[in-house]
Colleague: 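Have a look at the structure that comes next, please.
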Amino acid sequence: LDRQILAQVGNLVLSKVSELHARAKIEEIRILVHAAERYLAMVAVPLAAFLIAAASSTLALAYGSEAAAGAATFSILALVGASSAINRPYAQAVTGMNRPVFMLWLGLLIAGLDAILNVVFIPESFMGVRMLDMGIEGAALSTLIAGLAGTVANRYFAWKVGQVGFPWH
């Protein structure tokens with residue numbers, strides 16, 4: 001999804017969550033966040049599915065036939081984008097419930113995990129130790145794994161702070 005659209009949805013959710021949190025209306029926060037998640041998923045999931053299904057064609061059309069070799073990486077990054085879009089309301093809910101420092105620390109932990117996974121997935125070896133040697137696909141995979149770990153942590157904290165985060169509960 002376009003970052004500008006996500007930013008605007010995030011701003012709307014953040015301001016409304018802050019207002020509702022100030023009035024202790026947790027149930028309304030839960031309804032708002034779940035609705036935002038649902039609507040973002042209705043756009044992000046089909047878009048990611050299309051990009052994954054047509055990865056080679058999309059890359060060839062946009063960048064030339066030699067770029068089609070990056071279809072696997074492109075597909076992984078489509079999943080990263082969809083996951084990030086769907087998780088956005090939860091990130092804004094945590095911030096809106098007066099916990100911006102948690103989001104700072106979570107972001108730093110995700111970046112650290114991504115860096116560690118990059119060392120494991122990308123190079124052939126690191127300091128004499130054999131690694132997975134996956135190159136750019138390894139970078140995309142490490143970003144996906146770190147992002148999913150951040151999504152789980154974010155939803156868990158949203159649940160602990162405001163009973164928001166697990167729509168089936």
Colleague: Rounded to the nearest 0.5 Å, what's the gap from CG on L40 to CD1 on I86? Could you check?
Modeller: 8.0 Å

Colleague: With a 4.5 Å cut-off on side-chain heavy-atom distances among I, L, V, M, F, W and Y, is there a chain of contacts connecting V101 to L108?
Modeller: yes

Colleague: Can you measure from CG (N154) to CG (L106) and round to the nearest 0.5 angstrom?
Modeller: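 Interatomic distance, N154 CG to L106 CG, rounded to 0.5 Å: 6.0 Å.
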
Colleague: Looking only at heavy atoms, which two atoms of I110 and G150 are closest? And how far apart?
Modeller: CD1-CA, 3.4 Å

Colleague: Just how far is it from atom CD of E19 to atom CG of L14, taken to the nearest 0.5 Å?
Modeller: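 Result: 11.5 Å between the selected atoms.
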
Colleague: Can you name the closest pair of heavy atoms from M131 and V120 and give their distance?
Modeller: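 Heavy atoms of M131 and V120 come nearest at CB-O, 3.4 Å.
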
Colleague: Same hydrophobic cluster for I116 and I122, using side-chain heavy-atom links shorter than 4.5 Å among ILVMFWY?
Modeller: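 No, separate clusters.
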
Colleague: Indicate yes or no for a side-chain donor-acceptor contact from S15 to the backbone of L12 under 3.5 Å, with no hydrogens or angles considered.
Modeller: yes

Colleague: Does W159 offer a backbone N or O that forms a donor-acceptor pair with the side chain of Q163 under 3.5 Å?
Modeller: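 Between the backbone of W159 and the side chain of Q163 there is a qualifying donor-acceptor contact (under 3.5 Å).
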
Colleague: Which is it for L51 and S75 under the side-chain contact (heavy atoms from CB on, under 4.5 Å) test, yes or no, and what are the steps along the way?
Modeller: CA-CA 7 Å; L51 291 174; S75 296; over 6 Å; no

Colleague: I need the Q92 CD to N87 CG distance, nearest 0.5 Å.
Modeller: 10.0 Å

Colleague: If every non-hydrogen atom of H21 is compared with every non-hydrogen atom of G96, which pair is closest and at what distance?
Modeller: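 Nearest heavy atoms, H21 then G96: CB-O, 3.8 Å.
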
Colleague: Kindly compute the distance separating CG (L141) from CD1 (I76), expressed to the nearest 0.5 Å.
Modeller: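 Reported to 0.5 Å precision, the distance equals 4.0 Å.
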
Colleague: If every non-hydrogen atom of A72 is compared with every non-hydrogen atom of E137, which pair is closest and at what distance?
Modeller: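 Scanning both residues, the minimum pair turns out to be CB-OE2, 3.5 Å.
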
Colleague: Got a donor-acceptor contact below 3.5 angstrom from the R38 side chain to the A36 backbone?
Modeller: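 No; judged by distance alone, with no hydrogens or angles, the pair does not exist.
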
Colleague: Group every Ile, Leu, Val, Met, Phe, Trp and Tyr by side-chain heavy-atom contacts under 4.5 Å, then state whether F121 and L148 land in the same group.
Modeller: yes

Colleague: How are the rings of Y90 and H34 set relative to one another: parallel (under 30°), tilted (30 to 60°) or perpendicular (over 60°)?
Modeller: tilted

Colleague: Quick one: do M103 and V164 end up in the same hydrophobic cluster if we chain Ile, Leu, Val, Met, Phe, Trp and Tyr together by side-chain heavy atoms under 4.5 Å apart?
Modeller: yes

Colleague: Tell me if a side-chain donor or acceptor on T58 pairs with a main-chain N or O of A54 at a distance below 3.5 Å.
Modeller: yes

Colleague: From R23 CZ over to I29 CD1, what is the distance, rounded to the nearest 0.5 angstrom?
Modeller: 10.0 Å

Colleague: Write down the atom of L20, the atom of E28, and the distance for their closest heavy-atom approach.
Modeller: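 Scanning both residues, the minimum pair turns out to be CD2-OE1, 3.3 Å.
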
Colleague: Under a 4.5 Å cut-off applied to non-hydrogen side-chain atoms, are V94 and V161 in contact?
Modeller: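 Heavy-atom side-chain distance check fails, nothing below 4.5 Å.
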
Colleague: If two hydrophobic side chains count as joined below 4.5 Å and joins carry through other members, does L59 share a cluster with I52?
Modeller: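 Unlinked, L59 and I52 end up in two clusters.
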
Colleague: Can you list the steps and then say if R88 with V9 is a side-chain contact (heavy atoms from CB on, under 4.5 Å)?
Modeller: CA-CA 8 Å; R88 184 66 170 240; V9 169; 5.6 Å; no

Colleague: List the atom of A78, the atom of A48, and the distance in Å for their closest heavy-atom pair.
Modeller: O-CB, 3.7 Å

